[in-house]
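In what follows, a structure is listed as C-alpha cells, so that the remarks can point back to it.
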Amino acid sequence: MSLLEVKDLHVHYGVIEALKGVSITVEPGQIVTLIGSNGAGKTSLLQAISGIVKKTGGDILFKDASIYKASPRKIVQGGLVQVPEGRHVFPGLSVYENLMMGAYLRKDKKEIANDLKTVYERFPILEKRKNQDASTLSGGEQQMLAMGRALMARPELLLLDEPSMGLAPILVKEIFSIIQDIQQTGTTILLVEQNARMALSIADYAYVLETGRIALQGPAHELAESEDVQNAYLGGGK
Amino acid sequence: MEQFLQQLINGLSLGSIYALVALGYTMVYGIIKLINFAHGDVYMIGAYTAFFVTTYLGMGFLPALLVCMIVCGILGVLIERIAYKPLRKAPRITALITAIGVSYVIEYTTQFFMGTTTRTYPAILPTTTWQLGPVSISYIQMVIFSVTIVLMILLTLIVQKTKIGRAMRAVSADENAAKLMGISVDNTISFTFLIGSALAGAAGMLVGLYYNAATPLMGMVPGLKAFVAAVFGGIGSIPGALVGGLFIGIAETLVVAYGSSLYRDAIVYAILILVLIIKPTGLFGKNEREKV
Ligand SMILES: Nc1ncnc2c1ncn2[C@@H]1O[C@H](COP(=O)(O)OP(=O)(O)OP(=O)(O)O)[C@@H](O)[C@H]1O
Ligand SMILES: [Mg+2]
C-alpha cells in the first residue's frame with residue numbers, strides 16, 4: 001500500500017488555477033522529491049495536503065483513508081507533518097517552546113522527553129540555543145528548528161518545502177544529509193526543492209511540476225539523466 | 001507631597017482597573033488583530049452581574065467575583081463565536097464595524113431591561129481605611145490592588161507556562177504555522193476571549209464597588225481609556241497593557257487633582273495622539289510585520 005496518494009487534485013485561488021489535476025504517490029520508506037520552478041504550484045500542493053488551502057477537486061489518501069476533508073489537526077494527528085517554506089518558526093517563543101509546539105497533540109510525556117533528547121542530539125545547536133527567542137536564530141538554525149519541531153510530532157510522512165532555500169552551500173549539504181538520516185530512522189519524506197540536483201541525488205522517486213501539472217516523473221536517478229530535466233532544472237547539458 | 005502620594009494611590013487603583021480591561025483588548029488584538037469595541041460593555045456586564053449576585057443572592061465578595069468572571073468569560077466567547085468568527089476572512093473594517101454594533105446591542109439591551117437608573121451595591125466589604133503615614137488607603141483600594149496582582153500572576157502563569165498559553169502565543173505569532181502543529185485556531189481564539197473577558201468581568205465588579213454604581217453606559221469611556229492604555233503599552237503586549245493601564249490611571253487622577261476635572265478625559269486622548277505621533281507601536285510594541 002502507498003503511504004500517500006494524491007489523485008487528480010485541483011486548487012484554485014479565486015480564478016487562478018494553481019493545481020490542474022495533480023496525481024502523485026509516495027511509497028513508505030522513500031524520499032520522493034517534487035521539483036519545479038517558481039510558481040509551479042509546489043507549495044500549493046503541500047498546503048493542500050496539510051489541509052491549509054482549500055481543494056477544488058480530486059482526492060488525497062493517507063494510509064488508504066481520505067484526508068481530503070480532514071482538518072489540519074486531524075492530519076497532524078494521523079502522522080502527516082509539514083515543515084513549511086520559509087521555516088515559520090514562532091517568534092516570541094523560545095527554541096525549546098517551539099520544539100514543544102511540535103509535540104502539541106501528544107500526551108506521552110516520557111516519549112516526548114526522549115524525542116526532545118533525540119532532536120537535541122541531531123541538532124546540537126538547538127540545545128545550545130534552547131532558551132533563546134527563535135526569531136534571533138540564523139536562517140540555517142531556523143531551518144533546523146523547523147525540522148526539529150516537525151520531528152517532535154513523530155511524523156510518519158514528513159513534507160519539506162524548500163528546506164535549502166537561502167542557505168550557504170555548506171549548510172545545504174548538511175540539511176540534505178540530515179534529511180537522509182531522517183529517512184534512515186523510518187520516516188517517509190516528500191521533499192519539495194528548487195535545488196533539483198541535490199534533491200534528485202538523495203531521492204528515490206521524483207516528480208516535475210510545471211504550471212500546476214505533473215510534466216515528468218520517474219526514479220530520481222533516471223530523471224537526473226533525462227535531457228529535459230537537465231536542460232530545464234540542472235543548468236543545461238553537462 | 002502628601003496630596004501627591006494620596007493621588008498616586010488613587011491613580012493606581014483606577015489604573016489597575018484600566019489595566020485589567022486593557023489586557024483583554026491587547027490579547028484579542030494580538031491574536032485576531034481586532035479592536036474589540038464591545039470589550040468595555042463586557043466590563044459593564046461584570047458590574048451588573050456583581051450587582052445581581054450580591055443584591056439578590058447575597059453572595060460575598062469572592063464568590064461574586066468568580067461568578068462575574070465566569071459570566072463575562074462566557075459572554076466574551078459567545079460574542080466571538082456569533083459576531084466575529086463568521087467574519088474572520090472578511091476585511092478588517094467589517095469586523096471593526098461589527099464590534100461597534102455588538103457594543104451598542106449590549107448597551108441598549110441592558111438599558112432596556114435595567115433602565116438608566118444607577119444601581120448601587122450592598123455593603124459586602126468593610127469600610128475600613130488604613131492610615132499609612134500621610135496617605136490613607138481604603139479597604140476597596142486594597143482589594144483592587146490584591147485582585148489585580150493575583151490575576152496578573154495567574155495570567156502570566158497561564159500565558160507563559162501552560163500548553164494553551166503557549167498555543168495562544170503561537171497562534172498570535174503565526175496562525176498557519178500553528179495550524180501545521182495541529183493547534184485548533186478556533187479553540188485558541190475562544191480561549192483568548194474567555195480569559196480577556198473574565199478579566200474585564202473582574203474589573204467591572206471592582207469598579208462597581210469602588211464607585212458604588214452600575215449604569216448601562218458605564219463601559220464606554222473606561223473602555224476607550226483602557227484601549228488607549230493598551231495602545232500606549234504597545235497593543236498585543238501583556239506587560240504593556242499593565243504599564244499602560246497604570247499610567248493612564250495615574251495621569252488621569254493627577255490631572256483631576258492638580259488641573260481640572262474638565263480635562264479628565266481630554267488628557268487620555270492627548271496621550272493617545274502623542275503616542276500615535278511619537279511611537280505608534282507603544283512602549284513595548286514590536287514593529288511586527290502585518291499579517292497578510
Ligand atoms: N494565496 C494565494 N493567492 C493567490 N494566488 C496564489 C496564492 N498562493 C499561490 N498563488 C499562486 O499560485 C501559483 C502557485 O504558487 P505556489 O506558491 O504553489 O508555487 P511554488 O511552486 O511553491 O513556487 P516557489 O518555488 O516560488 O515557492 C502561483 O502562480 C502563485 O502566484
Ligand atoms: Mg513554494
Side-chain angles (χ1 to χ4, degrees), chain A residues 14 43 46-47 49-54 70-94 96-107 109 112 131 133-136 142 145-155 158-161, chain B residues 26-27 29-33 85 88-91 155-192 233-241 281-282 284-292:
Chain A
T43 298
L46 294 198
Q47 297 288 69
I49 295 172
S50 286
I52 304 288
V53 303
K54 228 181 94 211
S71 64
R73 183 187 179 93
K74 276 271 170 314
I75 293 170
V76 173
Q77 219 151 26
L80 201 171
V81 182
Q82 183 186 157
V83 179
E85 180 179 324
R87 290 103 202 194
H88 288 267
V89 299
F90 298 111
L93 273 69
S94 69
Y96 165 79
E97 288 178 318
N98 265 271
L99 290 172
M100 293 311 282
M101 288 319 298
Y104 185 72
L105 293 177
R106 295 174 55 185
K107 302 246 149 43
K109 280 213 165 100
I112 293 174
N131 294 320
D133 187 323
S135 62
T136 63
Q142 289 194 13
L145 177 56
M147 289 171 72
R149 184 179 67 177
L151 290 174
M152 289 300 294
R154 282 220 171 159
L158 185 62
L159 311 180
L160 296 169
D161 197 346
Chain B
T26 234
M27 289 164 68
Y29 186 86
I31 204 155
I32 56 171
K33 303 287 175 274
K85 193 175 165 210
R88 202 138 334 128
K89 294 209 167 67
L155 178 71
T156 309
L157 286 177
I158 290 175
V159 171
Q160 296 299 330
K161 300 287 177 208
T162 67
K163 206 163 166 174
I164 181 79
R166 236 183 246 154
M168 275 168 64
R169 286 185 288 140
V171 173
S172 299
D174 193 326
E175 186 176 320
N176 270 339
K179 281 187 193 160
L180 288 177
M181 305 295 110
I183 297 170
S184 160
V185 171
D186 286 344
N187 291 348
T188 310
I189 291 173
S190 290
F191 185 77
T192 307
I235 192 136
S237 155
I238 288 179
T281 52
F284 295 82
K286 299 175 278 255
N287 284 314
E288 66 172 42
R289 64 201 153 82
E290 278 287 290
K291 274 216 288 207
V292 228

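Naming: A, B, ... by sequence-line order, numbering from 1 per chain.
- Note that OG of S94(A) and CZ of R169(B) are 7.5 Å apart. Values are rounded to the nearest 0.5 Å.
- The closest donor-acceptor contact from the side chain of K163(B) to the backbone of Y104(A) lies under 3.5 Å.
- Residue contact with chain B, scored on non-hydrogen atoms closer than 4.5 Å, is absent for A146(A).
- Counting heavy-atom pairs closer than 4.5 Å to chain B, the top residue among R149(A), Q82(A), E97(A) is E97(A).
- In this structure, F90(A) and M181(B) have side chains that are in contact, with non-hydrogen atoms separated by less than 4.5 Å.
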**Request:** Take M101(A) and I183(B) through the side-chain contact (heavy atoms from CB on, under 4.5 Å) test and state the conclusion after the steps.
**Result:** CA-CA 9 Å; M101(A) 288 319 298; I183(B) 297 170; 3.1 Å; yes
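- Rounded to the nearest 0.5 angstrom, R73(A) CZ and N187(B) CG are separated by 6.5 Å.
- With a 4.5 Å cut-off on side-chain heavy atoms, I52(A) and K179(B) count as touching.
- When each of V83(A), L80(A), L93(A) is scored by its heavy-atom pairs under 4.5 Å with chain B, the top score falls to L93(A).
- Considering all non-hydrogen atoms of both residues, P91(A) and A173(B) come closest at O-CB, 3.6 Å.
- Residues S50(A) and L180(B) form a side-chain contact, since some pair of their non-hydrogen atoms from C-beta on lies under 4.5 Å apart.
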